[in-house]
Structures are given as structure tokens and as C-alpha cells.
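The basis for the numbers below is simple: all heavy atoms, side chains too, and nothing from hydrogens, waters or symmetry mates.
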Amino acid sequence: MSPLGNIIRKHSINFHCYADDTQLYLSMEPDENNQLIKLQACLQDIKAWMSHNFLLLNSDKTEVIVFGPKNIRDMMSNHIVTLDGISLASSTTARNLGVIFDQDLSFKSHIKQISRTAFFHLRNIAKIRSILSQSDAEKLVHAFVTSRLDYCNSLLSGCPSNSLKSLQLIQNAAARVLTGTSKRDHISPSLASLHWLPIKFRIEFKTLLLTYKALNGQAPSYIEDLIAPYHPSRPLRSQNAGLLVVPRISKSRMGGRAFSYQAPLLWNQLPVQIREADTLSTFKSKLKTFLFNKAYS
């Protein structure tokens, strides 16, 4: 499949190739119809190349999704991409590496799917909890529940609390199953006894961990390019504090959800001794202690 990349690059379209999936993506203004024409031409060349190599480009399995404000998405619906004469209608959701993306990037569909699956496994674990040791029960919860709560959770950075509430309810229920806590009892002591960070702080932990890696050459270049060290225009005490530039955003357009905004915002709130950690393991240890104290102080 490697020659496929040369065809896509010829049309100046960005892409990701996976084992059994190829994604094309481009950014455009509402009135840039030439971008859709370029995408159409790229699809035709891909189809021709696949036919030449005895492969089939299945129109039924080809999805198109448009991200952006609803009024602009409605304008785009008048310029539907076609393949083999079949109109490729815009999908409301699309799965990408196990994460469900919706057109508003609210991740509500993704959170619903996590909740549905996690509660299914948690109910099954609860049925056999009485015959499990504490350590075995924790292993099952981590394998079937916590792993789903943590998977790609940095995408939820900046989400409103009401969106994260259902994920927190899952974690609370898992803690009750493990500790035998009654529904009438407050859950925070149980979470603290298990050394679990609440959902909001788990998301912050993942975002800050990715930021540390980006600053120390341990992250992909496209992540490193999203953050920039802060250099004051005149000598200040903060110039050697390891701060990052917090960009100006338009909150009305959900700019506050972007990694380029959330990462420096959270990073600058960390104590200097955590930002200056010399190894990744030291940073993780200090960061968890800091967030744990912040969550349960």
C-alpha cells in the first residue's frame, strides 16, 4: 500500500495510513470549493490505482465527516463528494483508532459508548466479587473498566463537567464494587484509599505527561510544534521558570479545548520543582502526588 502515499501527496492532501484503513483530511474555509474538487480528484486517482492493482475501493465503506460549526457544515452539505457516481453523504460520527469523533468534537457519542461498555463489564465483575480476592478484583476492574476510562482521555481535556459526569459515575461505581462502599456513603474516601485520581485529574495527568514528553524530545514533532517556551520581552524572574506561552483563543469556537491551549495553561500551574523534574519517572511520581493532594485536600 506504500505507493498510495505518493498519489495522495501529489494532490497536496494530508493523510494517515493504518494497517487496514487510510484517512484523508484537509482544512478549508466554507467558500473553498476547490478543496473538495481536489479531494474528488484524489479519490478518483486512488480508485484507478487500486483497480490497476486488482483491489477494490468500496464506496459503501467510505465515510466522510465534516468538523466545524453547524451552520458551516450545512453549507458544505451542498457540495457532497461522489465516488463511482455514488454520493458520499456526510456522517455524523466516525471511529478513529477506537475513539468516536462527532462533528462538534464534543465526544458525547464516545463517552456514551465508554459508559455502556464499562458498566456492562462492571456488572459482571460485581456478580462474582464475593469469590474474588481484593487484588484479583482490582486486576479485573483495571483491565475492563479503568483502561477504557484512560484510553485517549487527553482528548477530553477542557470538556465541561457535565460531559465528564457519566465517566466519574463509572469510576465511583467501580470503587464501590472494590471496597464494598454503600451508595449512601461519600465516595471520595474510597477513591483516595484506592489511590485513584478522579476523572478530571486523570485527564490533566495525561495532558501534562504528554507536555513533558514534548518538551524533552520524547513526543512526535507535530505535538512539539503545538507548544512554545515563554520568553518575556524584558528580564523577569519568570524567564527561567520553564513557563509556556498560552495562546489567545476564541472560546465561542471551542478554542479552549485545543491541546495548544490546555497544555500550557495546565503546565504553568505546576510548581517549579515538578516542571524541572530530570526524568520521566520522577515527573510522573511528583505529578501524581500533586494532583492527588489537589483532588483530596
Side-chain angles (χ1 to χ4, degrees), residues 1-5 7-9 13-28 39 42-43 46 50 55 57-68 73 81 83 88-121 141-159 163-164 166-167 170-171 199-200 202-214 218-227 254 257-263 266 280 284:
M1 297 294 288
S2 58
L4 195 60
I7 297 173
I8 302 171
R9 290 188 193 97
I13 291 178
N14 299 308
F15 67 97
H16 282 146
C17 284
Y18 303 107
D20 60 350
D21 188 24
T22 301
Q23 296 176 0
L24 312 181
Y25 60 98
L26 48 84
S27 175
M28 59 184 292
L39 179 61
C42 182
L43 287 174
I46 290 173
M50 295 185 78
L55 299 170
L57 180 57
N58 193 336
S59 303
D60 295 335
K61 293 187 177 181
T62 303
E63 293 181 297
V64 178
I65 186 167
V66 180
F67 301 104
R73 296 201 309 261
V81 178
L83 180 62
L88 300 177
S90 177
S91 302
T92 56
T93 60
R95 189 179 292 273
N96 183 16
L97 295 179
V99 178
I100 301 174
F101 285 72
D102 58 88
Q103 291 182 299
D104 295 310
L105 289 179
S106 66
F107 293 101
K108 290 181 180 179
S109 298
H110 180 63
I111 291 172
K112 285 182 180 179
Q113 180 62 34
I114 292 176
S115 301
R116 190 180 304 114
T117 307
F119 270 126
F120 169 79
H121 289 296
V141 168
H142 287 314
F144 291 101
V145 180
T146 310
S147 61
R148 286 181 164 82
L149 296 177
D150 289 342
Y151 180 69
C152 291
N153 62 348
S154 58
L155 290 171
L156 305 178
S157 184
C159 273
S163 295
L164 303 178
S166 59
L167 298 182
I170 296 170
Q171 189 186 49
I199 295 299
K200 175 179 179 292
R202 297 175 89 89
I203 294 171
E204 290 186 9
F205 181 89
K206 186 70 71 67
T207 303
L208 289 165
L209 182 61
L210 191 54
T211 306
Y212 179 87
K213 289 181 177 180
Q218 301 175 36
S221 58
Y222 58 83
I223 294 293
E224 295 177 2
D225 293 342
L226 295 175
I227 55 178
M254 299 178 67
R257 293 280 314 282
F259 178 82
S260 57
Y261 175 79
Q262 283 291 322
L266 295 173
L280 182 62
K284 290 168 70 175

* Structure fact -> In short, Met50 meets Leu57 closest at the heavy-atom pair SD-CB, 3.7 Å
* Expected output: side-chain Arg257 to main-chain Leu105 donor-acceptor under 3.5 Å -> yes
* Asked: How about Phe120 and Phe144: are their ring centroids closer than 6.0 Å?
  -> no
* Going from NE2 on His121 to CD1 on Ile170, what distance comes out if it is rounded to the nearest 0.5 angstrom? -> 11.5 Å
* Does any non-hydrogen side-chain atom of Ile227 lie less than 4.5 Å from one of Ser260? -> no
* To do: Walk me through it: do Cys42 and Leu24 pass the test side-chain contact (heavy atoms from CB on, under 4.5 Å)?
  => CA-CA 9 Å; Cys42 182; Leu24 312 181; 4.1 Å; yes
* To do: Kindly compute the distance separating NE2 (His110) from CZ (Phe101), expressed to the nearest 0.5 Å.
  => 8.5 Å
* Taking atom CD1 of Ile114 and atom OG of Ser109, what is their separation to the nearest 0.5 Å? -> 11.0 Å
* For Glu224 and Ala219, which heavy atoms make the closest approach, and how far apart are they? -> OE2-O, 3.0 Å
* Would you indicate whether the side-chain heavy atoms of Phe259 and Leu210 approach each other to under 4.5 Å? => yes
* Asked: Do the rings of His16 and Tyr18 sit parallel, tilted or perpendicular, given the 30° and 60° boundaries?
  -> tilted
* Intermediate values then yes/no, side-chain contact (heavy atoms from CB on, under 4.5 Å), Val64 and Leu39 -> CA-CA 11 Å; Val64 178; Leu39 179 61; 5.8 Å; no
* Structure fact -> CZ of Phe15 to CG of Leu26, rounded to nearest 0.5 Å, is 13.5 Å
* To do: Report the distance from atom CG of Leu156 to atom NZ of Lys200, rounding to the nearest 0.5 Å.
  => 13.0 Å
* Asked: Between the side chains of Thr117 and Gln113, is a donor N or O closer than 3.5 angstrom to an acceptor N or O?
  -> yes
* Asked: How close do Ser154 and Lys206 get, heavy atom to heavy atom, and via which atoms?
  -> CB-CG, 3.8 Å
* Asked: Does the side-chain contact (heavy atoms from CB on, under 4.5 Å) test come out yes or no for Tyr151 and Val99, once each step is laid out?
  -> CA-CA 9 Å; Tyr151 180 69; Val99 178; 4.0 Å; yes
* To do: Salt-bridge test for Lys108 and Asp102: reply yes if a basic N is under 4.0 Å from a carboxylate O, no otherwise.
  => no
* Check whether any side-chain N or O of Thr211 sits under 3.5 Å from a backbone N or O of Thr207 as a donor-acceptor pair, and report yes or no. => yes
* Verify side-chain contact (heavy atoms from CB on, under 4.5 Å) between Leu97 and Cys152, making sure each step is shown before the conclusion. => CA-CA 9 Å; Leu97 295 179; Cys152 291; 6.0 Å; no
* Asked: Which heavy atom of Gln262 sits nearest a heavy atom of Gly158, and at what distance?
  -> NE2-CA, 3.7 Å
* Asked: Taking C-beta and beyond as the side chain, do Thr22 and Ile8 meet within less than 4.5 Å on heavy atoms?
  -> yes
* Asked: Which heavy-atom pair separates Ala94 from Ile65 by the least distance, and what is that distance?
  -> N-CD1, 3.9 Å
* Can you check whether Gln171 reaches Val141 side chain to side chain, under 4.5 Å on heavy atoms? -> no
* Structure fact -> So CD of Gln218 and CG of Leu209: to nearest 0.5 Å the spacing works out to 9.0 Å
* Asked: Nearest heavy-atom pair of Gly68 and Asp104: which atoms, and what distance?
  -> O-OD1, 4.2 Å
